[in-house]
Enquirer: 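The structure under discussion is supplied below as structure tokens; questions concerning it will follow.
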Amino acid sequence: MSETTAMKNSVNRIHVDDLDEQTYKNLIPYTSNMKTTKTFLYATIDMILRYITEMNEHDSPVIKNGLRTPAEYRKMFTFDIDDESISLYDILANCERILETTVRSGHPRFINQLSQGVDIISLVGEIITSSVNANMFTYEVAPVFNLMEESVLAHMRQCCGWSNKESLLKNGDGVLAPGGAVSNLYAVLAARHYAYPQIKKYGIQSGLHPAMVISKHCHYSMKRAAAILGIGTDHVYEVDPDESGRVSAEKMEEKILYCQQLGFSVFFVGITAGTTVFGAFDPIEDIVAVCRKYKIWLHVDGAWGGSALLSPKTKHLLQGIDKVDSFTWNPHKLMSVHLQCSTFLIRHSNVLMEANQMFAGYLFQPDKHYETSLDTGDKTIQCGRHVDILKLWLGWKARGQQGYAEHIETLLEKANFFYETISKREPFFRMVIKPPFINVCFWYIPPSLQNIDQTLPEYNERLNKIAPRIKERMMTNGTMMVGYQRLDHHPNFFRAIISNPATTKDDIIAMIDEIHELGHDL
Ligand SMILES: *Cc1c(COP(=O)(O)O)cnc(C)c1O
């Protein structure tokens, strides 16, 4: 293959020459020859180690040679599937190239997304998970992983104050989901089933007018859940948050009454612990009171901020969480666990099972020789399910409760350092809001804008164009990555998130300098 010679140089440090002649047929299980399998696996681990080491040299690029065009990537890879097999050497060469061209989300200067960093414990968890390739749906094929999941979910419910130690396994329920969006879908599904159990069988019949009330800053997945579940996005009523991004209980109540006047019955209220952009925490305790008054399901989306429960210093941000109906909490965001790992927690023990159970006879035989409640598959919206629990469990065991408390506190300290550093750099940097959590939202103001009257519409129009231009230059250089967005009446601004423990104060200063460097002439 022509790519062999092209890629040969890149796989230089691995003693893989004899893999040139070998194919998948030289690996176990086609042959009992352990030698090729070993060489191949060691070479892979060696490659991964070099990747991780290089990524953690802080001045190395986040994207080598910057983000390229689709045409360029298509030229670098032969994506087409051919009739013939390629050699094991070429497999490694392709992997090497993938690591070369990838956007390094584990890099200390990748602050573009909420999931960041490379966590070695998580990595090991994923390698073991993949090696055993188990399936979560039944106890009989994943006994230990199912017990592990049961125990960790119970521990998380205890973090919420939903149960005491004695009744840990009995109080409430939960499931690991592929992401926060799916966890939120579970929430709306559970609430819909709780309010209207007949919909499972008959669909939404005339006469029912279900509606949802959420904060306008809720994650978009709540609206999508309404679309998927037949509620309709028109029947999701949004409440405007205040300037700091929080909705008030009064406004939520007003909206519920408004829906009732229109003839709708509100079965679901959704709020957020740690909004995606601002990092704001809605006042759970106050909203619990409103939901109890009208007997409405209250879901808190803590995909991002749920981990604040891990530190005694930040726990108060979720005050009232002990009284809600359901909760989304993503370990793959603030707990450094690798994608995918999200949890959906629910205080009602049987609702998940009742809402989703289909009794597939070939999987969930009722006459099994063990306790069939350990077969978690029938309470999910999946059939087979990936083992996401091992990396989370290993990570939590490795750190202990204490280690995660320190992790959250250190990240908050870094966010504060970020905030203080840019506050000192007025008029080039300006905050959008004072950070309520780890999110630092700010504008870069180039000199060309510094003397323009901020009340002129022209000012916002021009400011709106600054962040995208800086981002474009950043991606071309590949030096760092930070996200930007508009929100409400605010023109485009940057949102810096540091959830990678490898990001240092020097990185923060370097990134702020970089933004200035990229933007001052605009
Ligand atoms: C990220 C996020 C989600 C979605 O989580 P995924 O794991 O990406 O599906 C949902 N809600 C909030 C508040 C989030 O920040």
Side-chain angles (χ1 to χ4, degrees), residues 103 105 110-117 119 122 156 174-191 212 214-228 236 238-239 241 244-247 268-284 287 298-309 314 317-318 321 324 326-345 380-382 385-386 388-389 391-392 408 411 415 435-441 482-485 487 495-500:
V103 175
S105 62
F110 175 92
I111 58 169
N112 202 64
Q113 248 71 50
L114 305 176
S115 310
Q116 301 169 8
D119 182 73
S122 237
M156 293 175 92
V175 69
L176 262 70
V182 177
S183 293
N184 287 341
L185 174 65
Y186 272 116
V188 181
L189 171 60
M212 295 160 54
I214 65 173
S215 160
K216 196 170 168 215
H217 283 193
C218 271
H219 193 261
Y220 71 90
S221 54
M222 297 237 194
K223 265 195 182 169
R224 190 168 52 200
I228 294 171
V236 179
E238 292 181 324
V239 176
S244 68
R246 289 158 46 103
V247 285
F268 179 95
V269 164
I271 55 172
T272 315
T275 54
T276 312
V277 177
F278 279 170
F281 288 75
D282 289 324
I284 301 172
I287 296 170
L298 177 59
H299 174 66
V300 174
D301 178 3
W304 170 233
S307 299
L309 287 173
T314 48
L317 293 168
L318 287 105
I321 195 68
V324 308
S326 58
F327 184 43
T328 292
W329 177 356
N330 277 9
H332 73 209
K333 285 183 170 173
L334 254 183
M335 291 173 80
S336 292
V337 177
H338 284 193
L339 287 160
Q340 300 169 324
C341 191
S342 170
T343 61
F344 172 66
L345 304 168
T380 74
I381 55 172
Q382 300 175 256
R385 192 160 58 94
H386 188 254
D388 292 328
I389 190 62
K391 56 195 169 185
L392 170 59
I408 301 296
L411 292 177
F437 193 46
I438 286 165
N439 314 35
V440 182
C441 296
V482 60
Y484 75 85
Q485 64 282 298
L487 189 66
R495 176 200 63 171
I497 295 282
I498 294 166
S499 67
N500 182 354

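What's counted below: heavy atoms across the whole structure, side chains too, no hydrogens, waters or symmetry copies. Counting starts at 1 for both ligands and their atoms, in listed order.
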Enquirer: Please report the interatomic distance CD1(Ile389) to CG(Leu392), rounded to the nearest 0.5 Å.
Expert: 4.5 Å
Enquirer: Given Met222, His332, His219, identify the one with the heavy atom nearest to atom 10 (C) of ligand 1.
Expert: His219
Enquirer: Below 4.0 Å, non-hydrogen atoms only: which portion of Thr328 touches ligand 1? Side chain, backbone, both or neither.
Expert: neither
Enquirer: With distance as the sole criterion, is a donor-acceptor pair present between the side chains of Ser215 and His217 under 3.5 Å?
Expert: no
Enquirer: List ligand 1 atoms under 4.0 Å from Ala303, heavy atoms only on the residue side.
Expert: 2 (C), 3 (C), 10 (C), 11 (N), 12 (C), 14 (C)
Enquirer: Return yes or no for this condition: an N or O of Asp301 is under 3.5 Å from an N or O of ligand 1.
Expert: yes
Enquirer: So if I count the atoms of ligand 1 from 1 in the order they appear, which ones are less than 4.0 Å from some heavy atom of Ala181?
Expert: 4 (C), 5 (O), 6 (P), 9 (O)
Enquirer: How many angstroms lie between CG in Leu339 and OG in Ser105, if you round to the nearest 0.5 Å?
Expert: 7.5 Å
Enquirer: Considering heavy atoms of the protein only, find what lies nearest to atom 15 (O) of ligand 1 and give residue, atom and distance to 0.1 Å.
Expert: Lys333 NZ, 2.9 Å
Enquirer: Look only at the side chain of Tyr186 and the backbone of Ile381, and say whether a donor-acceptor pair between them is shorter than 3.5 Å.
Expert: yes
Enquirer: Do ligand 1 and Thr276 have nitrogen or oxygen atoms that lie under 3.5 Å from each other?
Expert: yes
Enquirer: Which residue and non-hydrogen atom of the protein lie closest to atom 6 (P) of ligand 1, and at what distance in Å?
Expert: Gly180 N, 3.2 Å
Enquirer: Side chains of Ser307 and Trp329 only: does a donor on one sit below 3.5 Å from an acceptor on the other?
Expert: yes
Enquirer: Is the closest N or O pair between Leu114 and ligand 1 shorter than 3.5 Å?
Expert: no
Enquirer: From Thr314 OG1 over to Ile438 CD1, what is the distance, rounded to the nearest 0.5 angstrom?
Expert: 8.0 Å
Enquirer: Quick one: which ligand 1 atoms are inside 4.0 Å of a heavy atom on Trp304?
Expert: 15 (O)
Enquirer: What do you reckon, does Gln340 put a non-hydrogen atom under 4.0 Å from ligand 1?
Expert: no
Enquirer: Going by atom types alone, do His332 and Ser342 pair a side-chain donor with an acceptor below 3.5 Å?
Expert: no
Enquirer: Hey, what's the ring geometry for His299 with Phe344, parallel, tilted or perpendicular (30° and 60° as the breaks)?
Expert: tilted
